[in-house]
Amino acid sequence: MEELIAKLEEMKPGVDFRNETGLFDKRLLESFDVIQIIAMIDEEYDITVPPSQIMPQNFNSAAAIYDMIQRLGDE
């Protein structure tokens, strides 16, 4: 989780990825940011995020992103 937060902070400095639970809902992340996160997940974790998983609840917090990575990695 710490590695993920560090990567997210590199991508979007100034956002509180440790505590924020409304990243997408509060528009702290935009569509382009989500695309960058998906690309990072593919590159860093060798996990492809299918279109069915590209929904706000999977990107509203670092914990939600981490949970999605864990779920997809188990498949």
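Owing to the predicted nature of the structure, the values given are computational and were not obtained by experimental measurement.
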*Asks:* Might you point out which heavy atoms bring A62 and I5 nearest each other, and give the distance in Å?
*Replies:*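 Looks like CB-CG1, 4.0 Å.
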*Asks:* Look at the side chain of D33 and the backbone N and O of K12, then say whether any donor-acceptor pair between them is shorter than 3.5 Å.
*Replies:* no
*Asks:* So which atom in P13 and which in E10 form the shortest heavy-atom distance, rounded to 0.1 Å?
*Replies:*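 Closest approach of P13 to E10: CD-O, 3.8 Å.
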*Asks:* I need the M40 CE to L4 CG distance, nearest 0.5 Å.
*Replies:* 5.0 Å
*Asks:* Looking at CG of L23 and CG of L8, how far apart are the two atoms once the value is rounded to the nearest 0.5 Å?
*Replies:*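 With rounding to 0.5 Å, CG (L23) is 8.0 Å from CG (L8).
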*Asks:* Applying side chain to side chain contact (heavy atoms under 4.5 Å, CB included) to E3 and Y45, what does each step give before you reach the verdict?
*Replies:* CA-CA 11 Å; E3 178 184 332; Y45 299 94; 4.2 Å; yes
*Asks:* Between atom CD of Q57 and atom CG of D67, what is the distance when rounded to the nearest 0.5 Å?
*Replies:*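 Q57 atom CD to D67 atom CG measures 12.0 Å (nearest 0.5 Å).
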*Asks:* Any heavy-atom pair between the side chains of E9 and V15 that's under 4.5 Å?
*Replies:* no
*Asks:* What's the spacing between I37 CD1 and M68 CE if we round to 0.5 Å?
*Replies:*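 With rounding to 0.5 Å, CD1 (I37) is 8.0 Å from CE (M68).
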*Asks:* To the nearest 0.5 Å, how far apart are CD in E30 and CD1 in I35?
*Replies:* 11.0 Å
*Asks:* As a quick check of understanding, evaluate side chain to side chain contact (heavy atoms under 4.5 Å, CB included) for V49 and D42, giving each step before the final call.
*Replies:* CA-CA 7 Å; V49 178; D42 186 36; over 6 Å; no
*Asks:* Is the shortest distance from a Lys or Arg side-chain nitrogen in E2 or R18 to a carboxylate oxygen in the other one below 4.0 Å?
*Replies:* yes
*Asks:* For S61 and T21, work out which heavy atoms get closest and say how close.
*Replies:*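 Heavy atoms of S61 and T21 come nearest at CB-CA, 4.0 Å.
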*Asks:* Checking N58 side chain against Q53 main chain: does a donor-acceptor pair fall under 3.5 Å?
*Replies:*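 At least one qualifying donor-acceptor pair exists.
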*Asks:* Mind checking the CG-CG spacing from D16 to N19? Nearest 0.5 Å is all I need.
*Replies:*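 Answer for the CG-CG pair, D16 versus N19, is 4.0 Å.
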*Asks:* May I have the step-by-step check of side chain to side chain contact (heavy atoms under 4.5 Å, CB included) for I65 and F59, ending in yes or no?
*Replies:* CA-CA 6 Å; I65 296 168; F59 294 92; 4.1 Å; yes
*Asks:* Report, as yes or no, whether the 6.0 Å neighbourhood of atom OH on Y66 holds more than 12 heavy atoms from other residues, nucleotides or ligands.
*Replies:*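 At most 12 heavy atoms, drawn from other residues, nucleotides or ligands, come within 6.0 Å of this atom.
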*Asks:* Indicate, with yes or no, if M55 and I47 share a hydrophobic cluster defined by side-chain heavy-atom contacts under 4.5 Å among Ile, Leu, Val, Met, Phe, Trp and Tyr.
*Replies:*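 The answer is no; the residues belong to distinct hydrophobic clusters.
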